[in-house]
Every structure is written in C-alpha cells, then in structure tokens.
Amino acid sequence: MHTNSKNAVVLQSPDEMLTVEFILSNEGNPMYALKYSDNYIILPSALGFELRGNIKATELNFGKTVSKTDSRPARKFNDHFKIVNIYRNSFDEIWNPVWGEESEIRNHYNELLIDLVQSETSERMSIRFRLYDDGLGFRYEFPGNQNLNYFVIKEELTEFALAEDYFAWWLPGDYDTQEYEYVESPISQVPKHFQDAISGNSSQTPFSTHGVQTSLLMKTEAGLFVNIHEAALIDYPCMHLLVDPRKKVLISHLTPDAQGWKGYMQTPCNTPWRTVQVTPSAEAMLASRLILNLNEPCAYDDVSWIHPVKYMGVWWEMISGAGSWSYTSDYPSVKLGKIDYRQAKPNGLHGANNENVKKYIDFASTNGFDALLVEGWNIGWEDWADCSKDYVFDFQTPYPDFDIEALNEYAHTKGIKLMMHHESSSSVRNYERHMEDAYTLMNKYGYDAVKSGYVGDILPRGEHHYGQWMVNHYLYAVTEAARHHIMVNAHEAVRPTGLCRTYPNLIGNESARGTEYQAFGGTQPNHVTILPFTRLNGGPMDFTPGIFQMDLSTFTNNTSKVNATIANQLGLYVTMYSPLQMAADLPQHYERFMDAFQFIKDVALDWSESRYLQAAPGDYVVIARKAKNNGQWFLGGVTDEQKRTFDLELDFLEPGCNYEATIYRDAPDADYRTNPQAYEIVKQTVGREDAITITAAPGGGFAISFAELTPEETH
C-alpha cells in the first residue's frame, strides 16, 4: 500500500493543535493519520470493511440445509476508491445536559466529509471527521438509493497505527464483560500479560490473547494522554481492538453474532464514531467531553421526570453472603414457576421480606435518601441463572413475604420511593415479552427507576452481550422505559458510549468491575484511580461505593476484605461520577460511624462545575465539584496502595468568601490492609487563597465539604 501524504486532505482542530490527514493510497485505499502539534499520534492507518459476498439464486440449494456462512465468501470494501466530493464545516454551541459533571458543555469542532465511490462496484461510502481541541471522531456513512442497499459486515478494517509503543491501561478483550482489573504495560506487552489479566476470572471467556477493550487509555513518551474509544453505539456491534505488537497497530474487532458475522446493515446508515482523544495532561483527559459531544442531542421533549437518585439497597447482604435472593430452597423436585410458595419452607435468609425492607426504608428516610433498591423481591430466584426455560421471571409476582403494595405505601409515607429490580438472567426475549407489563406495574406502584441485569449467557439465541442484537435490546429497554417515565440503571450491559446525552433516562450503568467484587475476593486499590479515565469516559457508572465494614467475616462466612479505607470510600462519591449514587453497606454498619456517614448524606449528585485538580492513572485522582442546586463545593480524592501527601490549592472557591471545610481523612495509622476503619474529621476556615495538605493512607483517600460562612460566622 503506497501513500503520498502530499496529496492528503487536511483538517485542523479549532485551536490548530491537532491535525487529521485523509489519504488515498495509489491503490485507492482510504487512510487517515492524526498529529498533535508537529508529531504523529496515529500514523497513516487503514480504513474500510470486509463484507459478506453476495450469493446468486442459482447457487442456492433450495429445500436443503445450507451453511450461509460458508456459501457467501467475503469481499473487500477498502480499495479502488476515488474521491467524488469534499465538504467542510465548523460548529460551535453550548448545550445543557439534563444532569452531568457540569451544567454547560461546549461542542466546538471542525468537520471534514469525504464522499467516496468504489470504481469496480460503483458503491458509495463517506467518511466524516470531526476534530475537536481534545481529539478526533470519525465514522463511516452509507447513503441510500445506491448499489449498496443491504450488506453484512464480516469485519471492520479500521486501524490505529500508534506512533510509538505507548504505555497502556487495558482490559483483556471479551465479548461479554468488562469485569476485570486493569493491566498496566506497554502496548507491545499485551500478549505477554494476557494470562495474568484473566487470572481469577475463570467464569469469563476472553476472545483473544491479542485483544483489548475500549475505552483504552495510553500515554506517550512525551507525556501526552491518548484514549481510543467509540461514541454513539447504536444498531452496531461493540468494537474491541486487536493488538499487533510488532507493528504497534491496533485493529478494530467487532463483536460477532451467533453465526460469526459482525453487523447487518441497511442504507442509509452509519457506524458509531471511532474516537481518539489527545490531551496534554491526565487532568485534561478527565475534563474531555468528546464522547458526549459526538452523540445526538436529547431525544425527549419533556425531561422533568428525570432526576438524580441517592439510594440504599437490600443488596450488599446478598452479595456478601449474609442473605439470599431466593425465598425457599424447596425447589429441586419442581419446575420453575410451579412452586407453591405458600407451602414452601422459607430458607430464613431471604432479604426482601417485609420486616427487613421496612428497616431499610426507615434508615434511608431518616437520613434523607431518595430511594431504596430491593433485589430478590419476585418469584423465580430458586432457579434462574442461565435458565433456558421460556418462563424465567415475570417481573410481576412477589414472594409471599414481600407485600409490594403495602411496602410502596409505607415508603411513600416516609418520603422515599422503592427502586425496581429486573434481573433478566439474559433470557432477553422473555424480558421483552414481559417488559410492557413490568413497566406498567412500576407505574402503578410509583417506581420511577429500575436496575436491570443481564447475568449469564444470552438465551435463547447464543448471542454475546456486546453484539449488535444485544446493543439494540439495551436501547429498546431504555426507550420503552421512557414511554413510562422510568429511569434505567443497566448492569452487565454494553459499555457506555455517551448515549446518556440523547437518552438521559439512562442514568446509570455498571459495565465494569464494581464494588461487588470486593465481596468476591477483593479488588486492588489502584482500580478506582483508572476507571475515571476509561469506563467513565463514556458515561457514569453505578459503582456502588460506601462500604464501611471492610472485614466481611465479621457478619458472614465470607472471608473477603474490602481493599479500601473508610476515607477512600467517601472520596469515591466525588471521583466516581454518577447521578445515581448508592450507599451500599448495611444500615447497622453505618450506625457505628454516623459522623463519617454525614458526608454521604451531604454530598451532591448533580454538578454545575467540576475541577480536575490532580490525577495520575493507576496512582491517584483528586476532583472538586460544585453542586448545581445550591452552589456548594465538595472535594474527593483516592489513591492506590501507596501512601501519598497532597497539597490542594483551593482557587476554585468563590473570591471574597470564607468557608468551613469539613475534612474527612485517613487517621495517621490507617491502612487498607491493617486498619481500614481509622479516620479523622477536622474542620477549618479556608478561602480561595488557601491550601490544604492531606495525607492519604495506602488504599486511602479523603473527602471535603465546603460550607460558605457569613461575615458574622467568619469573625
């Protein structure tokens, strides 16, 4: 493939620091490259597709079984192109998210659209580039009314040829989950470290010893941060990246369907955006809104029903092993859905019982929470995982000890709502059949938010969680929920790509290794210093922080320990952004530390401004945020396994004002391994000219709330 960069079509970012070059090789292969200042970040890289070939009617074996996969050879759609049109555009707007890390976001880019036609087939394809000050987005577009109407993608051939062997924070490639811990290594060392990356995750099935997932964070030798991801993933499979360590090239790898094909397309259509963010610092990477900006504006005229939620849950007691989702153990001799629960013997561990739920309601209400999640409320939990039966859950029928009507009335009298739980067990067709009735039931009882789950293999089709079929299902669930004014928090779903801008009732996702893994053997402290750069790049995470009792053996038979200090758990409410924040521990554990619990009660969920003060992925993150509702500032920080001292400038505070800073910090002898519950709370008067020095313990952190003082209080 011979290129001539002198003939490149060039586009610069508004600040002229980034330059994208579009090139056609001598053989008509489309390529692109990306430069920061005068240095390449992405070297000339291939674009295009490999498509499933057509099959003639005379070749069909009618009346007999044929393998369509084998009978349709692939064909190249990445060569013999010529340019037919070039369009340029610039755009600059300020838009207001329904909720977010700030109340205003600037969407400012220069745009280049290249219209191409393949000489041999007369089939057309366009490539649209949008270049921002913080990175590049590009996508493929296929116009209608042309020779190419319906087509099947065998593989997308997009490449990212790295200019050097960047250092990376990566997860092993997997079609079904992101629930791994991160590996830190040069890109060239991905194959070497792959087995280490999947150790301890025997239930997961990574697809390749040379594959990684997006959002992929990297760092250049010059100290630039580079992140490769995708935006606006709709009606298309999720993209992974294959690593060619010899050439330092990352190659797009789409999640296949059950037959091995990648995407089924009908023109006019387009792919998601492929994104390359480039920033001069880690703090600037955290501030990037490129992924959100590449999504379409809000699709709803009325968003008054969408609101942030601070909640508790009948959840951690089951995750930790102290309780059970199921009501009875008397199920081996009967089929699912046929159990006479009135005759079945309760197992004594069922968490979603009336008395227990009322205790949670009382505690949540007394402490100002908005909602209470209750898992295990509905029949079917005795036999649910990977269930191939048509009937798994009906999302309608409660267990005998869960009075759905009475509990909802009780919660409403206490000023909070219950949050619905829909575990689909990945029996997706079953869920879709029951979805309308399930959402209607929520409306009847006043639920306005649902936590959905997709644990297990996708049944009955054998699809993957990240394939096109499931990507379409996740969005279908969100848009159907919107018709009922219901907000969705999807767990085990595809990783977010900024769709929460368009569909803001998607207020939460899991899609990564969350707090639950602290009960499954633990997660290393550096994990929470990487997630803000990677998983949170596409949208908020329901990380479920706030664990105060670190040794699970004190209340269960589980010997796991939470690898964090209490101060670290408080800091997460600021560093792990989400409009949906859980206080995940048990009420009785919070009651022992109500002075520390005060920060969870006070901290806001929705922000008008965010400042990224200090950050180094894998080491530490420190963020300050200003509440949208009352202008109060909060600050949070977390560190890895190293003890660190931070000098925090307070120049984000309002000029001429004094504040009482309530500082929640690790005690001098705190350590996530030996003394995780040791903390101090101190108060001091500060202004924007001041600085605060805080030492975070190994696995520790800190949190600060700033209350503005009146002149009288100052003196």
What are the two closest non-hydrogen atoms of [X] and [Y], and how far apart are they?
X: P308; Y: D606; result: CG-CB, 3.9 Å
X: Y236; Y: L233; result: O-CD1, 3.2 Å
X: L113; Y: S126; result: CD1-CB, 3.9 Å
X: L224; Y: P280; result: CD2-CA, 3.7 Å

Using only atom types and a distance under 3.5 Å, with no angle test, would you say the side chain of [X] pairs donor to acceptor with the backbone of [Y]?
X: D244; Y: K248; result: no
X: N472; Y: D235; result: yes
X: T529; Y: P617; result: no
X: E510; Y: E492; result: yes
X: N295; Y: G498; result: yes
X: S45; Y: A161; result: yes
X: D115; Y: I83; result: no
X: E123; Y: V117; result: no
X: D79; Y: G28; result: no

Side chain to side chain, V9 and I114, heavy atoms closer than 4.5 Å =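 When only atoms from C-beta onward are counted, I114 and V9 do touch, with a gap below 4.5 Å.
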
Would you indicate whether the side-chain heavy atoms of T497 and W273 approach each other to under 4.5 Å?
->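 A side-chain contact is absent here, since even the closest heavy-atom pair is not under 4.5 Å.
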
What distance do M17 atom CE and D38 atom CG have between them, rounded to the nearest 0.5 Å?
->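 Taking CE in M17 and CG in D38, the distance rounds to 8.5 Å.
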
Euclidean distance, T220 OG1 relative to Y166 OH, rounded to 0.5 Å =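 Between Y166 OH and T220 OG1, I get 6.0 Å after rounding to 0.5 Å.
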
Derivation of the ring pair (Phe, Tyr, Trp, His ring centres under 6.0 Å) call for F77 and F151 = CA-CA 11 Å; F77 197 61; F151 60 97; 7.3 Å; no

Please determine if [X] and [Y] form a salt bridge, counting it only when a charged side-chain N lies under 4.0 Å from a carboxylate O.
X: R289; Y: E101; result: yes
X: R513; Y: E181; result: yes
X: R688; Y: E654; result: no
X: R75; Y: E50; result: no
X: D92; Y: R106; result: yes
X: R625; Y: E102; result: no

Verdict with reasoning, Y132 to Y109, per ring pair (Phe, Tyr, Trp, His ring centres under 6.0 Å) = CA-CA 5 Å; Y132 295 76; Y109 60 82; 5.3 Å; yes

On the 0 to 90° scale, with breaks at 30° and 60°, tag the F160-Y32 ring pair as parallel, tilted or perpendicular.
->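 Taking Y32 first and then F160, their aromatic rings stand perpendicular (interplane angle over 60°).
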
When the ring planes of H253 and H240 are compared, do they come out parallel, tilted or perpendicular, using 30° and 60° as the limits?
->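 Correct class here is tilted.
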
Show the numbers, then the answer: is there a salt bridge (Lys or Arg N to Asp or Glu O under 4.0 Å) between R128 and E111?
-> CA-CA 7 Å; R128 187 182 299 272; E111 185 175 72; 3.1 Å; yes

Between Y140 and F49, ring centroids under 6.0 Å =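 Here the rings of F49 and Y140 have centres that are less than 6.0 Å from each other.
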
